[in-house]
Trainee: 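Dropping the structure in here first, questions after.
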Amino acid sequence: TEAVTYDVTNPEKPKEMGRIKQSGYYQSSRMADGYLYLFSNYSVAWDLMEKGTPNTYIPLINDSTISEKNICLPQIGTGREYTVAVAVDIDKPGEVTDSKAILSQGGQLYVSNKNIYYYETIWSSYLGYNKERTTIRRIGYKDGELTPGSQGIVEGYINDSFSIDEYDGYLRIVTTQGDSNGVYVLDMDLEEVGKIEKLAKDERVYSARLMGEIGYFVTFRETDPLFSVDLSDPENPEVIGSLKIPGFSDYLHPYGDGRLLGIGMNVDEETMITDGVKLTMFDISDPTDVKEEDTYILENVYSTDVSYNYKAALVDVGRNIIGFAGYTNGGQNYYIFEYDENKGFICNMEEEIN
């Protein structure tokens, strides 16, 4: 992965200011307080490893092996993948101010305003039936420095980065655990301080939004319960409401004060077959009594990329625009909606984009 920085003060003559390279393919990046933090995933090729030749099994930063003091070795039996994290001062974009590499079996990132959380799931094939477990590792970042912090474990697996959130010194996590689900609250040492387990038996988490002291998540098997959880007391998280409707929302997005937008699929209650993309506007003004304010079903639209890539959705609350592409039998259409508090969802555009 290579990051190249250009000075475009004169648009007709862009000037390269510097570049840095690191092993692996691009995973993610963040810009904070004048520093770029760049993350890549690097898999070691077993057949190319040579004892005594570090560059065959240790990540490279600008063609040099990363220092051994910057390699984090978690307490796992084996690993062949690294997450490589590099910090770059954007005023000196050819220099690396700090770097870390975490040896692992492959995982995902969630980045808060202060910390990088790297989480990976150990699946049931290693632990036994319905015994998924997720390991979480925290690295602090500030002013171009990366500081290894702590490691913890929760039961189950994390659906996506919206199911994990740092707030007021605590990490909150929603997981699916085999045939049920759980909510965990960890401190900054990643020690458990509170939890709720055995939620929504025989269902799994499809989407979540953790918003300040209240969290929302959707599970599904036969109906779509939207759960609301009070997280104001980290030691005693509590389910305070649930709403069951047909179908499910696999993406949730705050839509102004007291509203939560859901994008997912409608499900026929008799056949339990999905029969169209479904928009739902939830009224969350009272978290203990969440209501379905309005729904809109795009019939014969059988999927949308929003289900697995939240960047496929354009949601602009200020301009009242909701846009996304949906797949039909004829190809792909792009839809643009607005939301009216009296009329509900209004489809303003349906355009073929094959």
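Here the structure is a predicted model, which means the values were calculated and not measured. Heads up: numbering here begins at 1 and tracks the sequence.
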Trainee: What's the verdict on side-chain hydrogen bond (donor to acceptor under 3.5 Å, both in side chains) for Thr121 and Thr134, showing C-alpha distance, side-chain angles and the deciding distance?
Mentor: CA-CA 4 Å; Thr121 300; Thr134 297; 3.2 Å; yes
Trainee: Backbone N or O of Ile240 within a donor-acceptor pair of the Ser228 side chain at under 3.5 Å?
Mentor: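 Between the backbone of Ile240 and the side chain of Ser228 there is no qualifying donor-acceptor contact (under 3.5 Å).
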Trainee: Does the separation of the ring centres of Tyr334 and Phe324 fall below 6.0 angstrom?
Mentor: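 Between Phe324 and Tyr334, which both carry aromatic rings, the centre distance is not below 6.0 Å.
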Trainee: Do you see a donor-acceptor pair shorter than 3.5 Å between the side chains of Arg80 and Tyr42?
Mentor: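 No - no donor-acceptor pair under 3.5 Å links their side chains.
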Trainee: Just checking, is any N or O donor in the side chain of Ser40 or Gln27 under 3.5 Å from an acceptor N or O on the other one?
Mentor: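 Side chains of Ser40 and Gln27: no pair found under 3.5 Å.
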Trainee: Please confirm whether the backbone N or O of Glu50 pairs with a side-chain atom of Thr56, one donor and one acceptor, at under 3.5 Å?
Mentor: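 Between the backbone of Glu50 and the side chain of Thr56 there is a qualifying donor-acceptor contact (under 3.5 Å).
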Trainee: Please tell me whether Phe227 and Tyr216 form a close aromatic pair, meaning their ring centres lie under 6.0 Å apart.
Mentor: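 No.
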Trainee: Of the options Tyr308, Phe248, Phe162, Phe217, which is the one that meets Tyr206 in a ring pair (Phe, Tyr, Trp, His ring centres under 6.0 Å)?
Mentor: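 Only match with Tyr206 under ring pair (Phe, Tyr, Trp, His ring centres under 6.0 Å): Phe248.
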Trainee: Apply the ring pair (Phe, Tyr, Trp, His ring centres under 6.0 Å) test between Tyr141 and each candidate in Tyr117, Tyr37, Tyr35; give the one that qualifies.
Mentor: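 So the option named by the test is Tyr37.
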Trainee: Checking side-chain polar atoms at under 3.5 Å, does Glu350 have a donor or acceptor matched by the opposite partner on Asn333?
Mentor: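 Their side chains do contain a donor-acceptor pair, which is all the 3.5 Å distance test asks for.
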Trainee: If you measure from the Lys or Arg side-chain nitrogens to the Asp or Glu carboxylate oxygens, is any gap between Arg133 and Glu155 under 4.0 Å?
Mentor: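 Answer for the salt bridge query: yes.
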Trainee: Taking 4.0 angstrom as the limit, do Asp165 and Arg172 come out as a salt bridge?
Mentor: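 Here Asp165 pairs with Arg172 in a salt bridge, since their nearest N and O are under 4.0 Å apart.
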Trainee: For Lys92, check side-chain hydrogen bond (donor to acceptor under 3.5 Å, both in side chains) against everything at least two apart and list the hits.
Mentor: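 Lys92 satisfies side-chain hydrogen bond (donor to acceptor under 3.5 Å, both in side chains) with no other residue.
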Trainee: Please confirm whether the ring centroid of His253 lies under 6.0 Å from the ring centroid of Tyr255.
Mentor: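 No - the distance between ring centres of His253 and Tyr255 does not fall below the 6.0 Å cut-off.
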Trainee: Heavy atoms, side chains only, cut-off 4.5 Å: are Ile139 and Asn115 in contact?
Mentor: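 No; the side chains remain at least 4.5 Å from each other.
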Trainee: Between the side chains of Lys278 and Glu292, is the shortest nitrogen-to-carboxylate-oxygen separation below 4.0 Å, so that they form an ion pair?
Mentor: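 Lys278 and Glu292: salt-bridged.
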Trainee: About how many Å separate CE of Met265 and OG of Ser307, when rounded to the nearest 0.5 Å?
Mentor: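 Answer for the OG-CE pair, Ser307 versus Met265, is 7.0 Å.
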Trainee: Under a 4.5 Å side-chain heavy-atom rule over Ile, Leu, Val, Met, Phe, Trp and Tyr, are Val86 and Ile66 clustered together?
Mentor: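 Yes; tracing contacts between hydrophobic side chains, which count when under 4.5 Å, links both residues.
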Trainee: Within the 3.5 Å criterion, strictly below it, is a donor on Arg30 or Ser28 matched to an acceptor on the partner's side chain?
Mentor: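 A donor-acceptor contact under 3.5 Å links the two side chains.
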Trainee: Does a side-chain N-to-carboxylate-O contact under 4.0 Å join Asp283 and Arg259?
Mentor: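 Salt bridge between Asp283 and Arg259, a charged N being under 4.0 Å from a carboxylate O: no.
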Trainee: Are Met281 and Thr295 packed together at the side-chain level, in the sense that at least one heavy-atom pair is separated by less than 4.5 angstrom?
Mentor: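 In short, these two side chains do not touch, never coming nearer than 4.5 Å.
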Trainee: Test salt bridge (charged side-chain N to carboxylate O under 4.0 Å, His left out) on Glu2 and Lys21 and set out the steps.
Mentor: CA-CA 4 Å; Glu2 190 166 21; Lys21 295 188 295 183; 5.3 Å; no
Trainee: Indicate yes or no for a side-chain donor-acceptor contact from Asp316 to the backbone of Gly318 under 3.5 Å, with no hydrogens or angles considered.
Mentor: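 Side chain of Asp316 to backbone of Gly318, a donor-acceptor pair under 3.5 Å: yes, one is there.
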Trainee: How close do Thr135 and Ile153 get, heavy atom to heavy atom, and via which atoms?
Mentor: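 Looking at all heavy atoms of both residues, the shortest contact is OG1-CG1, 3.9 Å.
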Trainee: Determine whether the side chains of Tyr339 and Glu293 contain a donor N or O and an acceptor N or O closer than 3.5 Å.
Mentor: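 Side chains of Tyr339 and Glu293: pair found under 3.5 Å.
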Trainee: Checking ring-ring contact (aromatic ring centres under 6.0 Å, His included) for the pair Tyr119/Tyr110: CA distance, chi angles, key distance, verdict?
Mentor: CA-CA 8 Å; Tyr119 58 93; Tyr110 159 67; 8.1 Å; no
Trainee: Answer yes or no: is there an ion pair linking Arg319 with Glu338, defined by an N-O contact shorter than 4.0 Å?
Mentor: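 No, this pair does not count.
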Trainee: Are Thr219 and Asn181 linked by a side-chain donor-acceptor pair shorter than 3.5 Å?
Mentor: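 Not at all, the side chains of Thr219 and Asn181 share no donor-acceptor pair under 3.5 Å.
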Trainee: Quick one: do Glu81 and Asn41 satisfy side-chain hydrogen bond (donor to acceptor under 3.5 Å, both in side chains)? Show the steps, please.
Mentor: CA-CA 7 Å; Glu81 295 189 27; Asn41 279 343; 5.2 Å; no
Trainee: Taking all non-hydrogen atoms of both residues into account, name the closest pair between Thr175 and Ile158 and its distance.
Mentor: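 Taking Thr175 first and Ile158 second, the nearest heavy atoms are CG2-CG1, 4.2 Å.
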Trainee: Mind running side-chain hydrogen bond (donor to acceptor under 3.5 Å, both in side chains) on Glu213 and Ser232 for me, showing each step along the way?
Mentor: CA-CA 5 Å; Glu213 295 185 347; Ser232 58; 4.6 Å; no
Trainee: Using only heavy-atom distances, determine whether the side chains of Asn62 and Ser64 contain a donor-acceptor pair under 3.5 Å.
Mentor: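 There is no such pair (donor and acceptor under 3.5 Å, judged by atom type) between the side chains of Asn62 and Ser64.
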Trainee: So, does Thr5 use its side chain to make a donor-acceptor pair with the main chain of Met17 at under 3.5 Å?
Mentor: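 Checked: no pair found.
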